[in-house]
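Following: one structure in structure tokens, then a few remarks.
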Amino acid sequence: MRALQAFEAFGRTGSVHLAARDLGVTPSAISQQLRTLEDSIGIALVSQEGRRVVMTPTARIYHDLISQGFDRLVRAQEFISSHRSTEELTVSGLPTLLQKWLNPIIHRFQAHGREPSIRIIATHQEADPQLMEQMFRLTYGGSAKRYPHSRLLFQDRCFPACSPDFLAAHPEAATPDGLAQVPLIGIDWSMDESIAPTWDDWFTLIGVTPAPRPKIAAVYSLTGLALEAAVSGQGVVLAQTAFAQNDLETGRLVRLSETSLEMQEGYHICWGNNALTRNFAREFLNWAILESKPRREGTLR
């Protein structure tokens, strides 16, 4: 099972190092587990392409099937967790949405002595609609359509941002043409590219055609990791207002342009048919919608 878990993480993240970070182990441990799995099934699953380790065509099919199994295990665990206590509210959501938007404000919901306790589950895996009777799901774009009920929280905007030290070392980053010449940080949304904001979208918005193409210093699968990379001075990130506001207010990041790129989809809160039978569930839903109102109306930039 450990070998299968390592293989699933490797296929999902696209690299040994990201899989190791995802599972909280060392890259060498991931590599060892991949070799163990290959020895067990008698088939080569990975190959070397230059400095990159990639999956073979057969391994991709194998990974798709395994992922379905792990997905069901995660959803089953979420279902059991949500029923562990009838006095517990479970909120599942995209990791960065929970970390950067919900987590900094959740104390305001709890400050009025509201019960019950809240269980927060950060995962990219969408919940099974059949298991939504005791929980809410915070997600992005068309994923909300899979659930019986959903409400728009807000539709965010993006803009370039970097650390003060990076800007001091690369003052040209504050100009449209100069931005195309400095290291940029990418975010792999692992979804339809037509709805995921990209650096190409940004340069099209400001009317700049980089030549050569912009230098992408690193690509992260989590927006939160990309923001932290920018804070540490690795480059410029295409930051979202909802996620970067605290870093901007504390001076960890600086905004490089007053122009902003509106994202094509919004963030939603979703729930099942019977999720609102509990008073505290209705209170949480009303509170979340109220908290998101300033962003939904565009009063925060």
Side-chain angles (χ1 to χ4, degrees), residues 1-49 52-82 90-99 119-132 135-147 186-196 219-226 265 268 270 272:
M1 285 298 295
R2 285 196 297 270
L4 287 172
Q5 185 181 31
F7 177 63
E8 188 278 333
F10 169 72
R12 173 166 45 82
T13 61
S15 80
V16 170
H17 284 80
L18 288 178
R21 179 181 297 175
D22 185 72
L23 298 181
V25 298
T26 64
S28 61
I30 296 294
S31 298
Q32 178 59 45
Q33 291 296 343
L34 292 178
R35 287 192 293 270
T36 298
L37 183 58
E38 288 181 322
D39 292 341
S40 175
I41 64 177
I43 296 175
L45 296 174
V46 297
S47 61
Q48 198 82 23
E49 288 188 1
R52 296 180 62 233
V53 178
V54 299
M55 288 195 297
T56 64
T58 299
R60 294 185 185 279
I61 299 174
Y62 185 43
H63 181 269
D64 287 341
L65 296 172
I66 287 175
S67 296
Q68 294 174 30
F70 273 95
D71 182 34
R72 298 299 295 182
L73 287 172
V74 170
R75 293 179 183 182
Q77 187 61 35
E78 289 178 357
F79 176 73
I80 290 299
S81 295
S82 69
T90 300
V91 181
S92 167
L94 300 175
T96 303
L97 183 58
L98 296 183
Q99 176 191 5
R119 177 177 297 273
I120 297 178
I121 301 173
T123 175
H124 280 105
Q125 297 288 345
E126 294 297 330
D128 189 326
Q130 296 178 342
L131 309 182
M132 290 289 291
M135 66 185 294
F136 289 98
R137 171 68 180 173
L138 303 184
T139 192
Y140 177 77
S143 296
K145 297 178 181 179
R146 64 187 288 132
Y147 302 108
I187 303 172
D188 179 8
W189 283 54
S190 298
M191 60 172 60
D192 185 350
E193 291 297 327
S194 65
I195 62 174
V219 177
Y220 291 88
S221 61
L222 292 178
T223 304
L225 290 177
E265 300 280 356
H268 298 77
C270 312

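By convention here, the first residue in the shown sequence is residue 1. Everything quoted here is computed from the prediction, not taken from an experiment.
Although no hydrogens or angles enter the test, the distance criterion places a donor-acceptor pair under 3.5 Å between the side chain of Thr36 and the main chain of Gln32. Between the side chain of Thr96 and the backbone N or O of Gly224 there is at least one donor-acceptor pair closer than 3.5 Å.
With contacts defined as side-chain heavy-atom distances shorter than 4.5 Å, the pair Val91/Arg119 does not qualify. Looking at heavy atoms from C-beta onward, Arg146 lies out of side-chain contact with Asp128 at the 4.5 angstrom threshold. Side-chain contact between Ile43 and Tyr62 is absent, with no heavy-atom pair separated by less than 4.5 Å. Side-chain contact check for Leu45 versus Phe10: every heavy-atom pair is 4.5 Å or farther apart.
Remark: Gln5 engages Leu23, Phe70 in a side-chain contact (heavy atoms from CB on, under 4.5 Å) (not counting sequence neighbours). Taking Thr26 as the reference, Ser28 meet the side chain to side chain donor-acceptor pair (under 3.5 Å) condition, with sequence neighbours excluded. A search for ring pair (Phe, Tyr, Trp, His ring centres under 6.0 Å) contacts involving His268 returns nothing, not counting sequence neighbours. In this structure, the side-chain contact (heavy atoms from CB on, under 4.5 Å) partners of Ala122, at least two apart in sequence or on a different chain, are Pro95, Leu98. Scanning for side chain to side chain donor-acceptor pair (under 3.5 Å) contacts around Ser67 gives His63, with sequence neighbours left out. Tyr147 meets the side chain to side chain donor-acceptor pair (under 3.5 Å) test with Glu126; sequence neighbours excluded.
Residue Ser31 holds its OG atom at 8.0 Å from NE2 of His17, rounded to the nearest 0.5 Å.
Among residue pairs with one or both ends in residues 15-38, those qualifying as salt bridge (charged side-chain N to carboxylate O under 4.0 Å, His left out) are Arg12-Asp22; sequence neighbours excluded.
The shortest non-hydrogen separation linking Ala19 to Thr13 is N-OG1, 3.3 Å. Across every non-hydrogen atom of Thr123 and Ser92, the tightest pair is CG2-OG, 3.7 Å. Counting all heavy atoms, side chain and backbone alike, Leu37 lies closest to Leu4 at CD1-CD2, 3.9 Å.
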